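For reference, the structure is listed below as structure tokens.
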Amino acid sequence: QAYFNGDKNKWIIEYGLNGEDVKSYKWTKLVTVNYFNGQTYNFNLNNYYDEFIASMKKHASELNETLTVSPLESQTGEIWFEWSISGRNEVELCRLFKQNGDMFFVHYAQKSAYLTPDEKNKAIEILKSVKAE
């Protein structure tokens, strides 16, 4: 099941890989794509990443938990990372990139304490497959 919200300048689509209810946050594996039109939202990738991590640190602190962020091998002009908040039993792999001036923030999330190497490789392939058409 997919969930979509937004307009031509900024949108988000979430897709539950197991066909679960994404809108009600009842999922085990999820892919999310955030889109930002470059003419309206001229984000710098590093600044966006820094602000995202700061907001996740604040959220973790409010929960009295710890944020763990691990960089992943990145392509030129892209930022790849993995993050989790202790106690949440959820891990995310993320890819931030620009294409044709527009920015995309793609997430693969799984409700588990960690990803096995095989799960991580599959998630990376999913994130690599996202391209603007």
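Note that the numbering runs from 1 along the sequence shown for the chain. Here the structure is a predicted model, which is why all the values come from computation and not from measurement.
- Between the CG atom in L30 and the CD atom in E90 there is a gap of 8.0 Å [rounded to 0.5 Å].
- With hydrogens and angles disregarded, no donor-acceptor distance shorter than 3.5 Å links the side chain of K120 to the backbone of Y114.
- Relative ring orientation between W83 and F52 is described as perpendicular, the plane-to-plane angle rising above 60° on a 0-90° scale split at 30° and 60°.
- For K10, the NZ atom is loosely surrounded, since the number of other residues' heavy atoms within 6.0 Å does not exceed 12.
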*Candidate pair K128 and W80, rule side-chain contact (heavy atoms from CB on, under 4.5 Å), full reasoning*: CA-CA 10 Å; K128 283 181 180 178; W80 287 74; 3.6 Å; yes
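- Contact check for L67 versus I53: side-chain heavy atoms found under the 4.5 Å cut-off.
- Not one N or O on the side chain of D102 forms a donor-acceptor pair closer than 3.5 Å with the backbone of N37.
- No continuous path of ILVMFWY side-chain contacts below 4.5 Å connects I124 to L96, so the two sit in separate hydrophobic clusters.
- For the pair K122 and E125, the salt-bridge criterion is not met [side-chain N within less than 4.0 Å of a carboxylate O].
- Residue-environment remark: CD (Q39) stays at or below the threshold of 12 foreign heavy atoms within 6.0 Å.
- Side-chain N or O atoms of T66 include none that pairs as donor or acceptor with a backbone N or O of S86 at under 3.5 Å.
- Screening N5, V33, T32 for a side chain to side chain contact (heavy atoms under 4.5 Å, CB included) involving I13 leaves a single residue, V33.
- Under the 4.5 Å side-chain heavy-atom criterion for ILVMFWY residues, a single connected hydrophobic cluster contains both V69 and I79.
- Under a hydrophobic-cluster definition in which Ile, Leu, Val, Met, Phe, Trp and Tyr are linked whenever side-chain heavy atoms come within less than 4.5 Å, directly or via other members, V31 and F4 are assigned to the same cluster.
- In this structure, R88 contributes its side chain and E65 its backbone to no donor-acceptor pair below 3.5 Å.
- Taking 4.5 Å as the limit, some side-chain heavy atom of L45 sits within range of a side-chain heavy atom of M103.
- K57 NZ: 12 or fewer foreign heavy atoms inside a 6.0 Å radius.
- We find the CG-SG distance between L127 and C94 to be 7.5 Å, quoted to the nearest 0.5 Å.
- Looking at heavy atoms from C-beta onward, E92 lies out of side-chain contact with F81 at the 4.5 angstrom threshold.
- Under the 4.5 Å side-chain contact rule for hydrophobic residues, Y15 and V130 share a cluster.
- Considering OG1 of T116 and CD of Q110, their distance stands at 7.5 Å, rounded to 0.5 Å.
- For S112 against L115, the heavy-atom pair with the smallest separation is OG-CD2, 4.3 Å.
- Note: Y35 OH to Q99 CD = 10.5 Å, rounded to the nearest 0.5 Å.
- Classification of the F43-Y41 ring pair by plane angle, with boundaries at 30° and 60°, yields parallel.
- Scanning all heavy atoms of the two residues, the minimum distance from N44 to N47 falls at OD1-N, 2.9 Å.
- Residues F97 and L93 share a hydrophobic cluster, clusters being chains of Ile/Leu/Val/Met/Phe/Trp/Tyr side chains in contact below 4.5 Å.
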